[in-house]
Structures are given as structure tokens and as C-alpha cells.
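Chain identifiers are assigned alphabetically (A, B, ...) following the order of the sequence lines, protein sequences preceding nucleic acid strands; residue numbering begins at 1 within each chain.
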Protein chains: 2
Amino acid sequence: MNNTLYPAPLYTFLSLCQREALPKEVLDCGAGGANPPLNLFCAYGYRAAGVEIDPQRAQLAREAARQHGFTVDIREADMRRLPFADQSFSFVYSYNSVFHLSKADIAAAIAEMRRVLRPGGLFYVNFLSVDDGGFGEGQPLEKGEFLQEEDRGLVLHSYFEDDEGDCYFDGMQTLIKEKRARRQLHSDGQVYRMAFLDYMLRV
Amino acid sequence: MNNTLYPAPLYTFLSLCQREALPKEVLDCGAGGANPPLNLFCAYGYRAAGVEIDPQRAQLAREAARQHGFTVDIREADMRRLPFADQSFSFVYSYNSVFHLSKADIAAAIAEMRRVLRPGGLFYVNFLSVDDGGFGEGQPLEKGEFLQEEDRGLVLHSYFEDDEGDCYFDGMQTLIKEKRARRQLHSDGQVYRMAFLDYMLRV
């Protein structure tokens, strides 16, 4: 058995997808890394594709899929210009990814994700909340956007008010909108405050 | 493969348990129903036990385990008096259950769960938040407690302020405390407001 575990909201999204009669075809936007959630969908019989802008992370995801015996189509591409035809997927998700874009670029990326979704398809995306402990840190850019120091250099983080993200989803049906505000003890002994806004919608 | 899906927070708790070096022995308090989360733990190699006060729901859980080829020890018992010796389990959880008790009884139940946990063991429990849509409905009893009409008759629901539940966990280490506030579209076309407070702790 595949004993890997994935971020909890993806199980919620998968359980919504499982109730649909659409073809089991899913796209992950921000699909890289050593434990790609596409493997979870593969384990449930989905044809899985992904885009990842970082070649190294794309390669890690391909290797992780291969180790589990899964075939995934992971392309090095920008989620603001998805290399897929209109209405190619029943399900599209982007977990902990779009908030590394500016809010203007998030609008462009979400428009692209909507373009490649079939009518009636399901979409999951999450944002950082302004209640996250990182809000306000680093160099401010546009409203709620900060350039923050990470191991890999300066990284953009966009933070959202509770209903600010709603504007991206005009004409879509909101199935679930959830705010998750967490205090978590890390191995360094510090307590981190994390807060996310999750949307699960129907096109 | 076992294709069943479970409530998302249980995957988070399982992923914490998986990092521990303790024996894989887990107890579910409120373990009944047709899709018991104990099966998730069984699939990951845990020895699983549960208590359930409703004989019919206990039987459903036993049958669901058998269908998956799992052996579980589900007892018809009251979580305020657990039929297990001190320090019998590495992991104890109670999902969407204790809030059907009064707050005084919740204290008794949590004291029992702590009693059966090994030193260093992990504990997960969740509460209804006062931000849940059901808060204030029905017949008020003690503070935040309401007797509410359900299909199965009058059912007690206890609701908690954000930090009100902290008092139950004196001397335990909080690993994760999360508030999940959700708006969810149901099949009847209504949008329901749900809010929970999840605690994951070390004894």
C-alpha cells in the first residue's frame, strides 16, 4: 500500500471529486516537490497532470510518482499560461501555491485554471490569510503583498482578507469556503500562527 | 486498495502519530458508524480499539472493519468510564463526539482519555465553536449547551469559545490548535455555517 500522507484539505477535495460522474482527470498547479499530492489522486485512479515552474521541483515530483509506479504528466510551465487546451480537466487544484504570485497574477492564474476546467468541473485553491503570522513581515509591495526572506532567497507572499478572494470566482458556485487558523508547535520550540482560506468551487 | 476517505483532520492526526516511535495502538472514543476512522488507522498497521455508546453504531463499525479485512475491538461503553487499563494506548482520538456531552461530562471523558494514554502519547479531540451555525438553537441548558431537535430525537450540543477548551489540557503540550470555520453548500441548496476547534496534544 501507498503509505504516504498528504495535506488534509486535499482529502476533502478528493472526496468531493469522488462523488462526481466526470472523467477522472486532474491538474495540479504548483505540482512539484518530493511528496506531490498528484500521487494521492493517482492512487484513486485519476489521470494526473501538473505544472511546476521550478525544474528541480518538477523532477522531484516525477521521481516520486515513478517510485509509486504512477505515470504523471508534469510540465515545467507557468500557471498564468497553462499548456493545455480549454476544458481538458474535470478537476483542477492548486494547494499552497498561488499566494507566491501577486494578486494581479493570481487573477490571471485562476482565469487559466477556469479555462482548462470542463463545465461542471471542480476547482480547489487556497490563499494565505491576513491572520497568518507572516502577514506584515518583509518588504511591502501592493496591498497585502510582501517580499519575504526565505532560504531560497526573497519570496513573494500575498495575504487575503476573509472575503477578498471571492472576486476571483464570479459565476462559479462555492461548495466549501473554509478558514483554517492554526497555532502549531514546531520542532524549534516556537509556536507558529498559520491561517489559510480554502475555496472549493464548481465551474 | 481501500478507497474509503475519512474526515480531513484525522489525516493530520495520523501524520503526527506516524512520526512517533511509540507502539501503533490507537483508541477511538465515539467509534461507531458505517465509515469508522479506525479503518484508516488499521490500513496503516495500527492495532485499533474503540468505544461507542450506541449498540447499532458499534455493530455498523464492526461490519465496516470486517468488510475491509480489519480486526477492531469495538466495545459498547461510555467514554466517561473507559474499559481499558491506565496507559494502554499510544494514541487516542475523539472526532465529532465529545460535544454531545455536557461540558462537565467532557471534562470527565477527557480525564479518562488521558488516563489510558501512555506517557508521550498523542491525543486528538475537537469541539463545536460558538461560531457554528447551530449555536443558540434549541433549548438552552448550561452555558453554551443546547438540547437540539434531530432525526434521532433531542440531542445535546456543547459549543466553545475560542480558548474555553484549553482548561481541559492542563499539563499537556499543545502541538496543534486549529479553528476551522466553514461555509458549505448542502444538497438541499442551503449554505451551512460550521465551525470547529481541533486540538492535537502530547500527554
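Separating the OG1 atom in A:T12 from the OH atom in B:Y11 is a distance of 9.0 Å, to the nearest 0.5 Å.
Note on B:G45, B:A8, B:P7: by heavy-atom pairs under 4.5 Å with chain A, the leading option is B:A8.
No part of B:L10 comes within reach of chain A, as not one of its non-hydrogen atoms sits under 4.5 angstrom from that chain.
Within residues 161-192 of chain B, the residues approaching chain A closer than 4.5 Å by heavy atoms are, in numerical order, B:Q173, B:T174, B:L175, B:I176, B:K177, B:E178, B:K179, B:R180, B:A181, B:R182, B:R183, B:Q184, B:L185. At a heavy-atom cut-off of under 4.5 Å, chain A is reached by no residue from residues 125-154 of chain B.
Looking only at side-chain heavy atoms (C-beta outward), B:Y44 and A:L5 come within less than 4.5 Å of each other.
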